[in-house]
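Here's the structure we're looking at; comments come further down.
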Amino acid sequence: MRTSQLLIPTLREDPGEAEVVSHRLMLRAGMIRKVAAGIYTYLPLGLRVIRKIEHIIREEMNRAGAQEVLLPILAPAELWKETGRWEYYGKELFRCHDRHERAFCLGPTHEEVITDLFRREVRSYRQLPLNCYQIQTKFRDEIRPRFGLMRGREFIMKDAYSFDVDEEHAKRSYQKMYEAYHTIFTRCGLRFRAVEADTGLIGGTMSHEFMVLADTGEETILYEETGPYAANVEQAAVPPPHACSDEPLQPIEKISTPQAKTVEDVCAYLKIPPTRLVKTLLYQLKTGDVVAVLLRGDHEANEIKIKRYFGAADLALADPKTVQSVSNAPVGFAGPVGLRNIRIVADQAVYAMRNFVVGANETDAHFINTNWDRDFTVEAFVDLRRAKSGDPSPRGGGRLREAKGIEVGHVFLLGTKYSQAMKATFLDQAGQESFAVMGCYGIGVGRTAAAAIEQNHDGKGIIWPVPLAPFHVHLLPVSRAEAVERTTRKLYHALQDAGVDVLWDDRDERAGVKFNDADLIGAPFQIIVGDKGLVKGTVDLKYRQTGQTRGLAPNDVVSSILHQLSPSQ
RNA sequence: CGGGGCGUAGCGCAGCCCGGUAGCGCGCCUGCUUUGGGAGCAGGAUGUCGGAGGUUCAAAUCCUCUCGCCCCGACCA
């Protein structure tokens, strides 16, 4: 295509609204424009990248035996009420009404709609397994949309749903998708890692996230240096302590700790390391109940684990007023000793501790030499803390290390959560009515494009991996000389005829402008046609990635480009 | 929802503290020259100063309310 016929409004300066690299470069390269917070228009260049990703996804989904459908964006509230998610999904759900005041939502995900389709159309085990996918715009009323396409309120997603006769077959479907995702992201030219993950609002029994590795990622992952285990930090299990303290028990003693409200204060005041202290976090569950969670001083709470333990839909640290009424002291002095009428649970690390320090439920006072069982009781010792770099792996594969990632894909084994709620059944081989066992599988298409930029850019702009590049070759005539014009035109048609995606910068711009825009837009190859080269009978092939340039006879350009495109295509 | 910040020409910003009727750079238009890394000269167009109220002889500037956007947090796939 020719630049003069495309809307590619590149920006010389950084837009003020964009912080992260991918957002900034997408705006500057003229790929997207914002319409409202978290809502974007895809301009031709941005759309081409989206289409490339979609194409790879379609090929691999089809290859994996999934079939493409298109579900509606607008869904009636009744379906969402059947699964309880009309309430449970909360403010995240975009809701609206038709002229008859009937309630609808804009689909943030499509389990309800697809399960409804299944129960209407599928009768027999003979029709299974079934795996339907779509590439569709989703709507989620994010608390805080940000980072351009990375977290929008409207975004393009590939979502797939599998239906199987039983758990075992469902696991096979899950495994197939897991493998397809590996192929998809590998084909996209991304460095990524699959990690074990929490199931969140979607629910289910097993889940993996596909994380593109980038320092700017919003997610923290933990992985074994040498082994295969990797998990989202939200999910990463901490193995129980292997050795307990064998110190003799000392008598408990209340001491004054004026103004010492934080772990840091108390440790400094008592001259002890935080590993000798047990902090007491008071959480308020959605039900209103307050519970106490005990953690070693240097450990951090993992609220997902705590939620799971209490079976709570939601929880938050208790506010200062509640803390005061429960612990008889301001925030910072709560402790398990003498706490009445409240559930107390301890992280397993506390099990290994003896003679530790806790808050005394009294302003400016702590207990030293406290011991569980003797001085207070807890209902259980369980894994409640956030795993961190340096922790032993729960699978025994050495120590864990931390990395940042961008979640671009997520696969869930759902089980029968939705099929039961919506009575999606089929007749099995024995003639028995049976609930379909489901899985669901998502890929953020726009987010994948953004992640690719986060991972592949330099100070001048984007460096597209070949499979995602909006154009393979950026053809840059550098003067208006007749010979330049003629050679450029010939190359343009030859490349097009060879099936190469080529962008011809036919604008009447100076060379410097074209070079800078080309570097910004990030096509992997630039062909520079100029008088200097032509007198020697060559044009220049420049590699965006390395900046290296080499002279090439015009007649050799097509074969050279084809040769370099084919290994990665 | 809490904290911070910003809305002035297409984009990036100054002006606001201390009120006097809007400016800079880039871009855009015209002409000439230029043409291998964001050209030079000359001329030109472009603003409900986010919106609404108020104070004042006078408001981009002060006050009140409101809307939008960005960042941090809570939260979230």
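Proteins come first, then strands; the chains are lettered A, B, ... in the order of their sequence lines, and each starts at number 1.
Summarising the geometry, the separation between CD1 on A:I156 and C1' on B:rA77 is reported as 16 Å, rounded to the nearest angstrom. Distance A:D508 CG to B:rC29 C1': 15 Å, rounded to the nearest Å. For the pair A:E509 CD and B:rG36 P, the computed distance is 13 Å after rounding to whole Å. In this structure, the CG atom of A:D531 is 9 Å from the C1' atom of B:rU35, given to the nearest Å. The distance between atom CZ of A:R151 and atom P of B:rA74, rounded to the nearest whole Å, is 12 Å. Protein atom OH of A:Y161 is 14 Å distant from nucleotide atom P of B:rA77, rounded to whole Å. Atoms CD (A:E92) and C1' (B:rA74) sit 13 Å apart, rounded to a whole Å. Computed from coordinates, the A:D198 CG to B:rC76 C1' distance equals 11 Å when rounded to whole Å.
To the nearest whole angstrom, the two P atoms, one in B:rG25 and one in B:rC62, are 26 Å apart. When the P atom is used for both B:rG5 and B:rA9, the distance is 22 Å, rounded to whole Å. Across B:rU35 and B:rA22, the matching P atoms stand 42 Å from one another, rounded to whole Å. The separation of B:rG7 from B:rG50, taken at their C1' atoms, amounts to 6 Å, rounded to a whole angstrom. When the P atom is used for both B:rG15 and B:rG2, the distance is 30 Å, rounded to whole Å. For the C1' atoms, the distance from B:rC16 to B:rC26 is 24 Å, rounded to whole Å. For the C1' atoms, the distance from B:rC24 to B:rU8 is 12 Å, rounded to whole Å. Using atom P as the reference point in both B:rU61 and B:rC6, the two lie 15 Å apart (nearest Å).
Residue contacts shown for A:G90 are absent, as no nucleic acid heavy atom lies under 4.0 Å away. Here A:G444 lies out of heavy-atom contact (under 4.0 Å) with every strand.
For B:rG19, there is no paired nucleotide, since no Watson-Crick or G-U wobble pair has both relevant distances below 3.5 Å. Base pairing analysis places B:rC49 opposite nothing; no Watson-Crick or G-U wobble pair with both distances below 3.5 Å involves it. Both distances falling under 3.5 Å, in either a Watson-Crick or a G-U wobble arrangement, place B:rG7 opposite B:rC67. The partner of B:rC32 is B:rG40, by the rule that a Watson-Crick or G-U pair needs both atom distances under 3.5 Å. The nucleotide B:rC75 finds no pairing partner, because no Watson-Crick or G-U wobble arrangement with both distances shorter than 3.5 Å includes it.
Mapped onto RNA chain B by nearest heavy atom, A:T549 and A:E13 fall at different nucleotides, with A:E13 at the one closer to the 5' end.
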(message) Each nucleotide in nucleotides 37-51 of chain B should get exactly one letter: B, S or -. Can you fill that in based on protein heavy atoms under 4.0 Å?
(response) BBB------------
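A:E303 and A:K307 are not joined by a salt bridge, as no carboxylate oxygen comes within less than 4.0 angstrom of a charged side-chain nitrogen. Taking a cutoff of 4.0 Å between a charged side-chain nitrogen and a carboxylate oxygen, A:K176 and A:E179 do not qualify as a salt bridge. A salt bridge is absent between A:E154 and A:K138; no separation between the charged side-chain nitrogens and carboxylate oxygens falls under 4.0 Å.
Listed by residue number, the members of residues 299-309 of chain A with any heavy atom below 4.0 angstrom from RNA chain B are A:E303, A:K307.
Taking the salt bridge (charged side-chain N to carboxylate O under 4.0 Å, His left out) definition, one finds that A:R2 meets it with A:D506, sequence neighbours left out. Remark: A:Y178 pairs with A:H182, A:H208, A:F210 by the ring pair (Phe, Tyr, Trp, His ring centres under 6.0 Å) rule, at least two apart or across chains. For the side chain to side chain contact (heavy atoms under 4.5 Å, CB included) test, residues two or more places apart in sequence or in another chain that qualify with A:E482 are A:R486. Under the rule for a ring pair (Phe, Tyr, Trp, His ring centres under 6.0 Å), the partners of A:W80 that lie at least two apart in sequence or sit in another chain are A:Y89. For the salt bridge (charged side-chain N to carboxylate O under 4.0 Å, His left out) test, no residue two or more places apart in sequence or in another chain qualifies with A:D347.
The minimum heavy-atom distance between A:V233 and A:A387, with the atom names listed, is CG2-O, 3.5 Å.
Sequence neighbours left out, not one pair with a member in residues 526-537 of chain A passes salt bridge (charged side-chain N to carboxylate O under 4.0 Å, His left out). Residue pairs that meet the ring pair (Phe, Tyr, Trp, His ring centres under 6.0 Å) test with at least one member in residues 300-319 of chain A, sequence neighbours left out, do not exist here.
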Can I get a per-line list of side-chain donor-acceptor pairs under 3.5 Å for residues 404-411 of chain A, giving both atom names and the distance, sequence neighbours left out?
{"residue": "A:K404", "atom": "NZ", "partner": "A:T220", "partner atom": "OG1", "Å": "2.7"}
{"residue": "A:E407", "atom": "OE2", "partner": "A:H410", "partner atom": "ND1", "Å": "3.0"}
{"residue": "A:H410", "atom": "NE2", "partner": "A:S207", "partner atom": "OG", "Å": "2.6"}

Less than 3.5 Å apart, which donor and acceptor atoms pair up between the side chains of residues 30-43 of chain A and the rest of the protein, not counting sequence neighbours?
{"residue": "A:R33", "atom": "NH1", "partner": "A:L27", "partner atom": "O", "Å": "2.8"}
{"residue": "A:R33", "atom": "NH2", "partner": "A:P9", "partner atom": "O", "Å": "2.6"}
{"residue": "A:K34", "atom": "NZ", "partner": "A:E17", "partner atom": "OE1", "Å": "3.4"}
{"residue": "A:Y40", "atom": "OH", "partner": "A:H23", "partner atom": "NE2", "Å": "3.2"}

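Other residues, nucleotides and ligands place more than 12 heavy atoms under 6.0 Å from the CD atom of A:E68.
B:rA77 has its base stacked against the ring of A:F155, the centroids being under 5.5 angstrom apart at an interplanar angle below 30°.
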What N/O pairs connect the protein and nucleotides 68-73 of chain B at under 3.5 Å? Give each pair on its own line.
{"residue": "B:rC69", "atom": "OP1", "partner": "A:A37", "partner atom": "N", "Å": "3.0"}
{"residue": "B:rC69", "atom": "O3'", "partner": "A:K34", "partner atom": "NZ", "Å": "2.9"}
{"residue": "B:rC72", "atom": "OP2", "partner": "A:R144", "partner atom": "NH1", "Å": "3.0"}
{"residue": "B:rC72", "atom": "OP2", "partner": "A:R144", "partner atom": "NH2", "Å": "2.8"}

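Between the base of B:rG36 and the side chain of A:D540 there is a donor-acceptor pair shorter than 3.5 Å.
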